[in-house]
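Worksheet for the structure shown next.
So that the names make sense, note that chain A is the first sequence line, chain B the second, and so on, each numbered from 1. The figures that follow rest on heavy atoms only: side chains count, while hydrogens, waters and symmetry mates do not. Model, not experiment: these values are computed from the prediction.
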Amino acid sequence: MPEASPGSLYCANVTLTVDSPTGPFTVLDRVSCEFREPRTAVIGLNGSGKSTLLRLFNALVVPQSGVVRVNSIDPVAFPREARAAVGFVFTDPASQILMPTPIEDIELSLRRHVPDRQERTERAREWLVRMGLEHRAHHSVFDLSGGERQLVALSAVLAAEPQVLILDEPTTLLDLRNQLKLIDLLDNLGQQQLISTHDLDLASTAQHVAVVHESRIIAQGPPAEMIPQYKNWCANGFADWQSL
Amino acid sequence: MPEASPGSLYCANVTLTVDSPTGPFTVLDRVSCEFREPRTAVIGLNGSGKSTLLRLFNALVVPQSGVVRVNSIDPVAFPREARAAVGFVFTDPASQILMPTPIEDIELSLRRHVPDRQERTERAREWLVRMGLEHRAHHSVFDLSGGERQLVALSAVLAAEPQVLILDEPTTLLDLRNQLKLIDLLDNLGQQQLISTHDLDLASTAQHVAVVHESRIIAQGPPAEMIPQYKNWCANGFADWQSL
Amino acid sequence: MRRKVRRDDLLGTYVPGRSLLHRCPLALKAVLILGLCITVMLIRDWQFSLAVLALTGLASVVSGLGLHRWAASLRPLLFLVILLGGYHLIFNGPARAASIVLSLLAVVSLSRLLISTTPLPRLIDGLVWLCTPLSWFGVNTERIGLAVSLMIRSVPWLFGCLGELRDAATARTIRANPVRLVTPATIATVNYAHQTGEALAARGLD
Amino acid sequence: MSETTGSPRKINSFDLANIAVFAALTSVLALAPAIPVGALGVPITLQTLAVFLTGMILGGWRAFLAIALYVVVGLLGVPIFAGFVGGPGVLAGPSVGYLLSFPLAAALVGFLAHRSVREERVRRRSGSTSATPDKRRGLGIKLFLAGVAGLILSHVLGVIGMMLVGGLSLNAAVIADLAFIPGDLIKAAAAALIAVAVHRAFPRMAGAVL
Ligand SMILES: Nc1ncnc2c1ncn2[C@@H]1O[C@H](COP(=O)(O)OP(=O)(O)OP(=O)(O)O)[C@@H](O)[C@H]1O
Ligand SMILES: Nc1ncnc2c1ncn2[C@@H]1O[C@H](COP(=O)(O)OP(=O)(O)OP(=O)(O)O)[C@@H](O)[C@H]1O
Ligand SMILES: O=C(O)CCCC[C@@H]1SC[C@@H]2NC(=O)N[C@@H]21
Ligand SMILES: [Mg+2]
Ligand SMILES: [Mg+2]
């Protein structure tokens, strides 16, 4: 478990509206939050706005109003700096892997830190060994199984040495062993982590859980309280959250 | 829960080898099985060969040797007939929906059974009503949420009236509420089902569980035995399965 | 935020309505419109072309599409019209310039009328019917219709894919210039085509 | 998975999907801003990039059908030609020669390109044993040359089109056409680089058994 939180993810009164065929649609509605815990999990229904909340911190979406800060950097004004600080792992690994083979993709991430080509290849291979994928180094990424691809995407992000790690549903395609392995890996990283997930076992490993519903954060707190609450909402409807 | 099993999925001594940059790679190694239960779950590690095993029954992959039968049809010799008997639902619904709108997509499936255009539209609408999606009939599939898309993909497959249903990780992208809804829907179907999944809660709803490891089926049986066994293997390594 | 063009509006420009043009059988509508197109191209007289152009504007208004949509359909031609008109004005005189420019505008806005008053599935059925002669040579015309639907459906996917890759590259602080993205975009496209082919096969549409 | 060869035969679902998706790709590239140049205002577009790519990736037969599908759908009125134009009106426009040449050029490029890819496979299988990809430039150059062959074909037909429909003399038409040559050479080279990467990611595309 990471001991210290080297930074924080903060937003205040953020509203984001997009055009949709049925008129403007509010994806985030006056959302405020401050995540300081080593690991924060964001849970909520499909389409509630989890991924959009995560994207905020990487300047992949820009809010109409409100303030966002990543380790005191404003991602709207300084997207490059914010992105250098934040590593972002997408749900769909196929859309994140930019090169035809795993080793080339990891080398691409190393480019900024490791100028020497030979060393880059060496370091990329080390990452693959660490993930148990060295035998797949030169395969086409489209011949890998879904889970293998997700591990490659994660390695490529970690190789860039970010200060904060944001993961959008990182365990969706993984088997039980790789899920445990991924959690173990995350536990041993020093970076602060923000994870969106439908996997409540993963959510319960976090120190802090935020529940997103219909474009708002409707509840936050320790997992021991939030997860049973969320299960109850899923089974019996979210009707009563307004009264909280 | 479906009561009767109208058919069976059978394979004997199937071997499938593909070319890879590191030489030939065996994806299925002398696999034999017979699934007769209303619902069978296939579990196993990433890259163990689950998806490939499922694809066998729909002639999406053709083995080098061995026998495959779907309700006594040989998918290798009669792919058309086998595919008419088997409905296949892919993990990613976006790649399975072939038409611009949900209603057109379901109409496409109905083409074979319903020659009349008017009636086809009517029947497609009925399916959407049954899934609670009639208000989405003419939306672009890209405007649907993940859960809605999964339901459209399933409806399109069911509309073709298959005898057997094969689903490759159907709940991975769904939230808890949609997962419960999908399982409820599957419970009310009459077809035999074969499901590959990493979600052990879903696997435990099956009558029969097969564990795939390194291109082989290493264990089969009731979920109450198989799932704890699999959890144990994941935690402590698969070293001892050879001795079984 | 920049106003974005709706990705799928790009092609599916059908505007629902109950006007005469909307209810007219496709075959009759197509014969009328294509017939007028050919007449315009054969006559190549600026007065006739202008009349047809005005007629399409009128038809737009009457069938509830509005003058705004009519003008919008011609706007992309602006640059071409200026260049083409300028060239012929200098070398071949005003009559020739007017006839060439006006016939182009007339023909484009005629075909736009057909597209915006007929739902896409009906148009595709029409195309399939038109291809009937090909079936004498063993071509399965249903598959032509299927190919057109798949093509139309793939356009928004391609736009979405470019967007996703741009996000992925920027998130990894790799400068997302188009040159660096075309290769992954093409590879993703081929993968998408494979998945689509697999889905077609799995759904028994072989 | 289906193996595909270069010769005409029954179109299976993989071919159909590839044809449809590449027709869509051509539409998308054609909608990128087009720059009109020359006397008749025929624009510089990315359509040729799409034609080269389709040929090099799909091979002759499928590439022909993909681009033909694109042209037919555009002629029916869907605005997918350069500058958001559609309909039979373009048959009266100066770019008609180029437009009608596209399917033929794609077929030619595809035929030549897939032949090179298959040769390369055979050579590599007998030669190299290592898992690391060896020299790729040889294949890239062959694909580029295939692209140039298609380029020549489409420009010849384009010039004829400008003469017949645009009313230019042979000289004027050739001069108008020359403006496109540098750009199209760059597009052919880009297409070759991309296609090499695609054939590495999808070794089965050219139908060669490794
Ligand atoms: N650019 C956009 N245009 C239109 N709608 C959008 C856009 N971005 C997001 N949305 C909509 O906003 C809602 C929230 O999207 P988001 O991806 O954040 O959901 P999510 O909570 O991550 O869902 P899931 O659990 O399915 O991943 C969805 O309904 C989505 O359709
Ligand atoms: N055409 C192919 N070429 C090379 N390798 C392949 C091919 N098809 C499958 N494989 C390999 O075979 C193995 C089994 O793949 P499969 O997709 O069946 O795994 P899976 O059990 O479904 O995994 P996951 O749980 O991650 O979905 C993987 O390691 C994959 O890389
Ligand atoms: O109207 C169209 O859509 C066709 C435009 C043709 C443009 C031709 S293709 C060859 C040459 N190279 C270019 O970049 N543009 C022209
Ligand atoms: Mg999400
Ligand atoms: Mg799988």
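For B:Leu98 against C:Leu150, the heavy-atom pair with the smallest separation is O-CD2, 3.5 Å. A pairwise comparison of heavy atoms in C:Ala199 and B:Phe90 identifies CA-CE1, 3.8 Å as the closest pair.
Judged by distance alone, with hydrogens and angles left aside, the side-chain atoms of C:Arg203 form no donor-acceptor pair with the main-chain N or O of B:Ala84 at under 3.5 Å.
The 12-atom threshold is exceeded at NE2 of B:His135, counting heavy atoms of other residues, nucleotides or ligands nearer than 6.0 Å. Around CZ of B:Arg130, the count of heavy atoms belonging to other residues, nucleotides or ligands within 6.0 Å does not exceed 12. Environment of CD1 in C:Ile82: crowded, with over 12 heavy atoms of neighbouring residues, nucleotides or ligands closer than 6.0 Å.
Applying a 4.5 Å heavy-atom cutoff, the residues of residues 99-106 of chain B that approach chain C are B:Met99, B:Pro100, B:Glu104, B:Asp105.
The choice from C:Ser149, C:Ser154, C:Ala202 that makes the most heavy-atom pairs within less than 4.5 Å of chain B is C:Ala202. Between chain C and the options B:Arg80, B:Arg111, B:Arg83, heavy-atom pairs under 4.5 Å are most frequent for B:Arg83. With chain C as the partner, the residue from B:Val89, B:Ile166, B:Asp92, B:Ile97 showing the most heavy-atom pairs under 4.5 Å is B:Ile97.
Rounded to the nearest 0.5 angstrom, B:Arg117 CZ and C:Arg122 CZ are separated by 6.0 Å. Between the CD atom of C:Gln195 and the OG1 atom of B:Thr91 there is a distance of 9.5 Å, given to the nearest 0.5 Å.
Taking the side chain as every heavy atom from C-beta outward, C:Leu146 and B:Leu108 approach each other to under 4.5 Å.
Heavy atoms of B:Val86 lying under 4.5 Å from chain C belong exclusively to its backbone.
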